[in-house]
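The sequence lines fix the lettering, A, B, ..., with proteins before strands; numbering per chain opens at 1.
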Amino acid sequence: MTTTPPNDTAPDPDELPTTYRAAEIEAALYARWQAAATDVAHAERVTRSGGTRAPYTIVMPPPNVTAILHVGHGLNNAVQDVLIRWRRMAGDEALWVPGTDHAGIATQNVVEKQLAAEGSSRQALGREAFVARTAQFVETTGGEILNQLKAIGSSADWSRTAYTLAAPLSTAVTEAFVRLFEEGLVYRGHRVIHWCPRCMTSLSDEEAEFEETQGGMYHIRYTLADDPSQSIVVATTRPETLLGDVAVAVNPTDERYAALVGKLLVLPINGFRIPVIADDYTDAEFGSGAVKITPAHDPNDFEVGMRHTLDAPIIMDAEARMNGLGDALKRVPAELRGIDRFEARERIVSMLRDTGALVKIVQHQHSVRHCYRCGTVVEPRLSDQWFVKMAPLAAPALDAVRTGRIRIMPERWEAVYVNWLEGIRDWNISRQLWWGHRIPVYYCDGCGTPPIASRTAITTCAQCGGTLRQDEDVLDTWFSSWLWPISTLGWPNEASPDLKAFYPGDVLVTAPEILFFWVSRMIMSGMHFMGDVPYHTVYLHGTVRDMQHRKMSKSLGNGIDPMDVVRLYGADALRWTMIAGMGLGVDVLLDPTDLEKSFAPGRNFLTKLWNIGRFLLTKVGTEPVQPLSVIAPESLTIADRWILDRLDAAIAESNASLGPVRPGASGRWTEAERTAGMRLDAYADTARRFVWNELADWYLETVKPRLAAGGADADVARAVLVHTFDNALRLLQPIIPFIAETLWAKLPPLTNGAARGGSFLCTSAWPDVRATPLAGGDDFEIGRKYVLAGRQLRSDNKVKPSQRITVELLPTGPDARAVQSLSAVIGDLVRADVTVLLNGASTTGSVGAVTVVVSGGGEIIAPVSSFGQEISAADTAKECARLKTELDATQKILAGVQSKLGNESFTSRAKPEVVDGARAQERDLSQKVDALTRKIEALCGTR
RNA sequence: GGGCGAAUAGCUCAGCUGGUUAGAGCACCUGUCUUACACACAGGGGGUCGGGGGUUCGAAUCCCUCUUCGCCCACCA
């Protein structure tokens with residue numbers, strides 16, 4: 001591995017701009033990471049291959065090759081990158097496999113549109129030329145989105161970039177198909193499927209999306225053939241399919257129609273004779289209680305037709321125009337032939353109206369399936385398609401989630417997953433497209449040999465020597481996607497080092513929309529072909545929406561181009577804003593009309609961080625600093641101890657938020673683990689709070705005079721400051737890698753010449769909490785209370801920030817020691833000359849002075865100032881009343897807790913940590929009761 | 001039609017197994033160029049936690065119910 005020193009010549013501190021300019025840094029830094037191959041994973045370093053590191057694998061949901069990065073991709077990839085960068089620092093061999101998807105229908109549609117604009121069509125071009133043209137289109141556009149992913153900092157292993165239609169993955173697709181075929185899990189079925197008359201292909205159940213539609217329920221009278229005075233009224237939403245009716249079904253228990261079962265009816269318009277049949281499928285309560293049966297144009301009717309061995313005449317062509325094949329043509333009157341289905345509906349309804357067959361039209365709301373790619377109303381169509389038998393594949397996938405091999409987050413999606421798998425239906429995998437993996441099945445027209453599935457192209461029939469013909473169709477694009485976690489690692493080559501080292505993987509990060517399309521099918525394929533799960537955690541994030549909660553989309557024009565954000569505020573600001581603003585499974589709302597406001601949290605934080613860096617460079621300087629390990633503990637001040645404590649807390653909290661990395665040795669998540677971790681927003685919040693509200697707001701302020709004073713203590717302060725900032729940057733690197741890396745490179749060197757980590761922050765170690773923390777840091781918390789009291793007094797009395805004041809502090813009891821030792825620090829932070837008066841000392845305000853009297857709790861109970869506001873008796877009485885109320889409330893709570901602790905069933909049955917918590921609470925409460933009692937005695941006299 | 005989720009400050013959301021004065025970011029108000037940062041600093045205002053009932057010493061948190069949104073699934077022709 002080549003390494004490039006990350007630290008270019010440090011700029012003159014005075015020339016550092018006061019705001020972070022991402023654009024000047026990001027692209028060049030990314031190039032340096034690439035040159036150093038910081039994100040390339042090595043199979044041989046993994047324990048499974050005899051190495052020493054745990055693998056951590058994420059496969060990237062492959063974007064469509066035709067797509068341009070939108071902010072949803074940004075969110076999705078930011079999450080994955082945070083996880084990968086975190087684990088890479090934590091010492092795992094982290095592999096993030098990127099790639100793209102050929103996106104069958106979507107891509108074919110785009111190219112067909114191009115052709116149409118040129119006055120051509122795919123039919124005019126011919127299959128071979130069309131595929132070549134599409135491939136070329138993909139080549140020119142396919143890389144764009146990957147470059148955009150790089151621009152937002154994605155640290156995927158680009159040396160392993162995969163493409164579903166590339167040779168190795170195509171091999172996997174063929175292998176999977178042939179294996180399933182040989183196992184009897186792939187079969188050819190003749191049935192009614194969803195057909196998109198615009199895309200001219202069949203669709204799977206998942207690709208035909210429901211949409212609530214307001215339509216009509218048409219009640220139509222069919223008269224009896226041998227007695228025109230009798231009739232049955234059928235109810236249908238699709239009168240245009242009437243020409244294909246082969247029966248009318250009634251419920252066997254429906255007495256209204258019992259006498260008519262077996263009789264023949266006259267089909268309106270074409271006069272065909274069709275029987276009345278009895279079938280359970282019919283619900284007597286719904287509509288008129290009689291259903292017209294059109295087997296070729298409705299999946300349920302097809303089932304009914306099968307049960308009653310009825311014909312299935314097709315009365316529409318592939319483009320959903322009224323027409324018929326062969327004998328069925330007789331069913332469609334000449335004047336309707338070639339008419340589009342919706343116009344045909346109008347015409348047929350008017351013909352029915354004219355003949356009096358139309359009884360009524362009732363308003364009716366129902367769900368109509370639409371093509372998920374083009375929105376066209378799907379037409380049920382009888383045809384021959386390839387299917388995957390799903391039940392045997394679903395069982396292990398169900399089991400994997402039920403037994404805790406896989407957890408789905410947020411948890412509520414587990415129920416959705418289980419529900420879907422339990423009711424799973426076979427998967428139609430053939431598509432009447434040209435762009436995709438051609439189905440590896442061969443037919444012999446010469447003899448009766450059944451279709452042959454073959455791993456290699458074959459041309460002659462083994463039986464009769466005749467010429468074989470390959471199936472014209474291609475596979476559903478998801479048939480390659482569902483193999484993604486195994487095919488990208490080298491499957492079906494079982495000896496592939498990547499497959500051995502990195503499978504099973506760890507986490508899948510995606511949106512809930514493709515839980516069925518993709519997530520669950522990958523689990524099925526992993527279980528079936530590898531005998532193991534593809535990942536132990538499915539992380540489903542929310543959707544990016546605008547302020548009206550609308551999904552961002554091209555057609556609505558409410559999208560945000562992540563590249564605009566990168567240009568304006570940088571990739572880090574984009575990443576930070578999304579990660580920090582995204583609760584588990586919660587949608588992210590951004591305002592496309594106000595990028596500044598939307599990304600302010602990220603931008604502001606980066607500026608803050610940048611300025612801490614500037615402070616370091618200007619005040620700490622570039623001279624070597626001592627590593628913390630060589631600093632004598634007794635030379636550490638209270639503030640030093642405090643910030644090191646806070647750092648430990650931030651690290652621990654971050655680890656807790658990110659959670660258990662993987663299930664334990666059993667390979668199964670425990671109930672508690674199942675919902676733990678993956679709280680990226682909480683992690684971001686912890687890191688921000690530490691850097692901004694603790695390091696910058698407090699520690700940095702205490703350190704200024706120490707640095708200015710120079711000497712040994714200045715060296716201690718420099719060491720602690722640099723150590724703390726170093727670790728803060730480590731903590732932040734996964735979320736905001738560019739700025740973190742940039743600032744880290746500017747840290748002054750260590751006096752012992754030791755390296756801080758690798759050449760880059762992104763490959764250096766994730767921080768650890770100290771094994772043996774030092775005592776004393778808590779005193780700083782006491783000091784903080786006095787500082788806050790002093791500042792509040794300044795503000796209340798309208799003292800200008802620039803005006804220096806004098807303050808007298810009256811700490812009581814346990815505060816005394818801390819306040820005494822922190823008096824100088826408190827003075828600096830309040831901008832005051834501080835005098836500490838111990839118990840009993842009296843105070844009087846003097847001209848130009850502000851006196852702060854603080855009780856044990858650090859609270860101002862009697863501020864007296866030279867500005868003339870003597871504390872009144874009324875105020876004292878008010879305060880006494882308040883304290884007494886508080887005491888009462890506290891005593892009540894204490895009694896409740898004590899009664900709980902006195903309860904045998906609680907102490908013996910509740911979890912130990914809960915009982916311990918209650919005990920601690922009891923201690924705290926009784927201490928508080930004591931403190932309040934003392935306070936009341938002091939302020940209000942004996943009660 | 002079935003299932004699930006949400007309702008907390010002006011906006012977007014945190015609030016773990018019920019516990020002291022319900023938090024953050026953005027927005028708002030007051031003051032400040034306090035020599036890293038006005039994309040900042042200091043101080044502050046603002047919530048009867050959707051309505052109603054219940055359990056409890058104690059409920060944003062648990063139970064019931066209603067209302068309003070949202071999501072997923074579904075062969076009402």
Side-chain angles (χ1 to χ4, degrees), chain A residues 13 16 18-20 210 217 234-238 249 281-283 285-294 298-304 364 366-367 410 412-413 415-416 419-420 423 512-513 515-516 543 547 549 569 573 577 580-583 585-591 596-598 600-619 675-676 679 681-682 685 688-689 693 696-697 700-701 704 708 788 791-796 798-804 831 886 889-890 892-900 910-911 913-914 917-918 921 924-925 928:
Chain A
L16 275 181
T18 57
T19 51
Y20 170 58
F210 282 109
M217 177 71 83
V234 300
T236 180
T237 53
R238 305 186 58 222
Y281 161 65
T282 308
D283 177 359
E285 305 296 315
F286 187 85
S288 64
V291 191
K292 60 193 258 333
I293 300 299
T294 324
D298 184 286
N300 302 306
D301 291 7
F302 183 75
E303 296 297 317
V304 175
H364 180 67
H366 60 139
S367 292
R412 66 190 132 96
W413 288 104
V416 176
N419 181 44
W420 184 73
E513 290 123 71
L515 183 60
F516 306 138
T543 308
M547 300 319 279
H549 296 220
Y569 312 114
T577 302
M582 182 196 57
V586 176
D587 289 343
V588 178
L589 273 74
L590 296 170
D591 188 350
E596 160 134 25
K597 190 179 171 184
S598 293
R603 185 201 55 177
N604 294 357
F605 180 54
L606 295 188
T607 303
K608 187 71 187 181
L609 193 64
W610 181 251
N611 278 292
I612 297 171
R614 288 181 71 227
F615 176 87
L616 243 84
L617 280 177
T618 53
K619 300 289 192 251
T675 56
R679 293 334 192 259
D681 56 333
D685 194 55
R688 191 196 59 81
R689 194 207 61 224
N693 303 119
D697 287 350
L700 228 55
E701 295 302 324
K704 282 176 181 174
L788 292 174
R791 284 175 177 170
Q792 195 183 334
L793 211 56
R794 284 186 73 112
S795 177
D796 289 351
K798 311 253 185 288
V799 182
K800 288 204 181 286
S802 53
Q803 188 183 344
R804 199 161 176 89
R831 299 181 64 76
E886 195 181 349
T890 311
K892 226 176 185 179
I893 295 161
L894 178 62
V897 172
Q898 280 168 340
S899 87
K900 183 157 74 176
K911 284 184 204 159
E913 63 262 32
V914 173
Q921 198 187 353
D924 292 352
L925 287 169
K928 183 172 178 185

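Rounded to whole angstrom, the span from the CG atom of A:Asp685 across to the C1' atom of B:G23 amounts to 10 Å. Here B:G25 presents its C1' atom at 15 Å from CG of A:Leu606, a figure rounded to the nearest Å. B:A38 atom C1' lies 11 Å from atom CZ of A:Arg603, rounded to whole Å. Rounding to whole angstrom units, CZ of residue A:Arg831 and P of B:U34 are separated by 8 Å. Rounded to whole Å, the distance from CG on A:Asp697 to P on B:C37 is 15 Å. Between the CD atom of A:Glu596 and the C1' atom of B:C39 there is a distance of 8 Å, rounded to whole Å. Per the geometry, CZ belonging to A:Phe286 stands 12 Å off C1' belonging to B:C75, to the nearest Å. In this entry the distance linking CD1 of A:Ile293 with C1' of B:C75 reads 11 Å, nearest Å.
Every residue two or more places apart in sequence or in another chain that forms a side-chain hydrogen bond (donor to acceptor under 3.5 Å, both in side chains) with A:Arg238 is listed here: A:Glu379.
The gap from the C1' atom of B:G25 to that of B:U8 amounts to 15 Å, rounded to the nearest Å. Rounded to the nearest Å, the gap between the P atom of B:A60 and that of B:U48 is 13 Å. Of the C1' atoms belonging to B:U12 and B:G54, the separation is 33 Å, rounded to the nearest Å. B:A9 and B:A24: their P atoms are spaced 14 Å apart (whole Å). Using atom P as the reference point in both B:C57 and B:G18, the two lie 15 Å apart (nearest Å). With P as the reference atom, B:G45 and B:A6 are 32 Å apart, rounded to whole Å. One C1' atom belongs to B:G19, the other to B:U56, and the distance between them is 12 Å to the nearest Å. Look at the C1' atom in both B:G46 and B:U35: the space between them is 36 Å, to the nearest Å.
At a threshold of 4.5 Å between non-hydrogen side-chain atoms, the residues A:Glu596 and A:Arg603 count as touching. In this structure the side chain of A:Lys597 never reaches within 4.5 angstrom of the side chain of A:Asp591, judged on heavy atoms. A:Phe605 places none of its side-chain heavy atoms less than 4.5 Å from the side chain of A:Thr577. Between A:Arg614 and A:Ile612 the shortest side-chain heavy-atom distance does not fall below 4.5 Å.
Checking side-chain atoms of A:Arg794 against main-chain N and O of A:Lys800 turns up a donor-acceptor pair under 3.5 Å. In this structure, A:Asp587 contributes its side chain and A:Thr543 its backbone to a donor-acceptor pair below 3.5 Å. In this structure, the side chain of A:Asn419 does not engage the main chain of A:Ala415 through any donor-acceptor pair within 3.5 Å. At distances below 3.5 Å, at least one donor-acceptor pair connects side-chain atoms of A:Asn611 with backbone N or O atoms of A:Thr18.
Side-chain atoms of A:Ser367 and base atoms of B:A74 include a donor and an acceptor less than 3.5 Å apart. Checked by distance alone, A:Glu701 brings a side-chain donor or acceptor within 3.5 Å of a matching partner on the base of B:A36.
Among the protein residues, A:Gly602 comes within range of no part of the nucleic acid, since none of its heavy atoms lies under 4.0 Å from any strand. In this structure, A:Ala600 reaches neither bases nor backbone, as no heavy-atom distance under 4.0 Å exists between it and the strands shown. Across all strands shown, A:Asp301 has no heavy atoms under 4.0 Å from either base or sugar-phosphate atoms. Using a 4.0 Å heavy-atom distance criterion, A:Leu616 is classed as making no nucleic acid contact. If you check every strand for non-hydrogen atoms under 4.0 Å, A:Arg238 touches nothing.
Closest to the A:Gln792 side chain, of the nucleotides B:A40, B:A36, B:G43, is B:G43. Considering only side-chain atoms of A:Arg791, the nucleotide from B:G43, B:A74, B:A36 that sits closest is B:G43. Taking only side-chain atoms of A:Leu788, from C-beta outward, the nucleotide of B:C75, B:A36, B:G43 with the closest atom is B:G43. Nearest to the side-chain atoms of A:Ala696 among the listed nucleotides B:A77, B:C37, B:A36 stands B:A36. Which of B:C73, B:A36, B:C76 sits closest to the side chain of A:Phe615 comes down to B:A36. Here the side chain of A:His364 is nearest to one of B:A77, B:A36, B:C73, namely B:A77. Listed nucleotides: B:U35, B:C73, B:U34. Nearest to the side chain of A:Phe516: B:C73. Of the listed nucleotides (B:C71, B:U34, B:A77), B:C71 has the atom at the smallest distance from the side chain of A:Trp413. Which of B:C75, B:C37, B:C76 sits closest to the side chain of A:Asn300 comes down to B:C75.
Residues A:Glu285 and A:Asp283 come closest through the heavy atom pair N-OD1, 2.9 Å. Considering all non-hydrogen atoms of both residues, A:Thr282 and A:Gly289 come closest at CG2-O, 3.2 Å.
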Tabulate protein N/O versus nucleotide N/O from nucleotides 30-32 of chain B, keeping only pairs under 3.5 Å, one per line.
unit_1: B:U32; atom_1: OP1; unit_2: A:Lys800; atom_2: NZ; d: 3.4

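The aromatic rings of A:Phe286 and A:His364 sit perpendicular to each other, their planes meeting at more than 60°, with 30° as the lower class boundary.
Shown here, B:C41 forms a base pair with B:G31; the pair counts as Watson-Crick or G-U wobble because both key distances fall under 3.5 Å. Look at B:G25: its Watson-Crick or wobble partner, with both distances under 3.5 angstrom, is B:C11. When both distances must be under 3.5 Å, the Watson-Crick or G-U wobble mate of B:G70 is B:C4.
Checking the phosphate oxygens (OP1, OP2) of B:A40, no side-chain nitrogen or oxygen of A:Asn611 falls inside 4.0 Å. Taking 4.0 angstrom as the limit, A:Lys704 places a side-chain polar atom (N or O) nearer than this to OP1 or OP2 of B:A36. Side-chain nitrogen and oxygen atoms of A:Lys608 include none within less than 4.0 Å of the OP1 or OP2 phosphate oxygen of B:C37.
Put simply, NZ on A:Lys608 and CG on A:Asn693 are 9.0 Å apart, with the number rounded to the nearest 0.5 Å.
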Could you run through nucleotides 4-13 of chain B and give me one letter per nucleotide, 5' to 3': B if any protein heavy atom sits under 4.0 Å from the base, S if only the sugar-phosphate is that close, - if neither? SS------SS

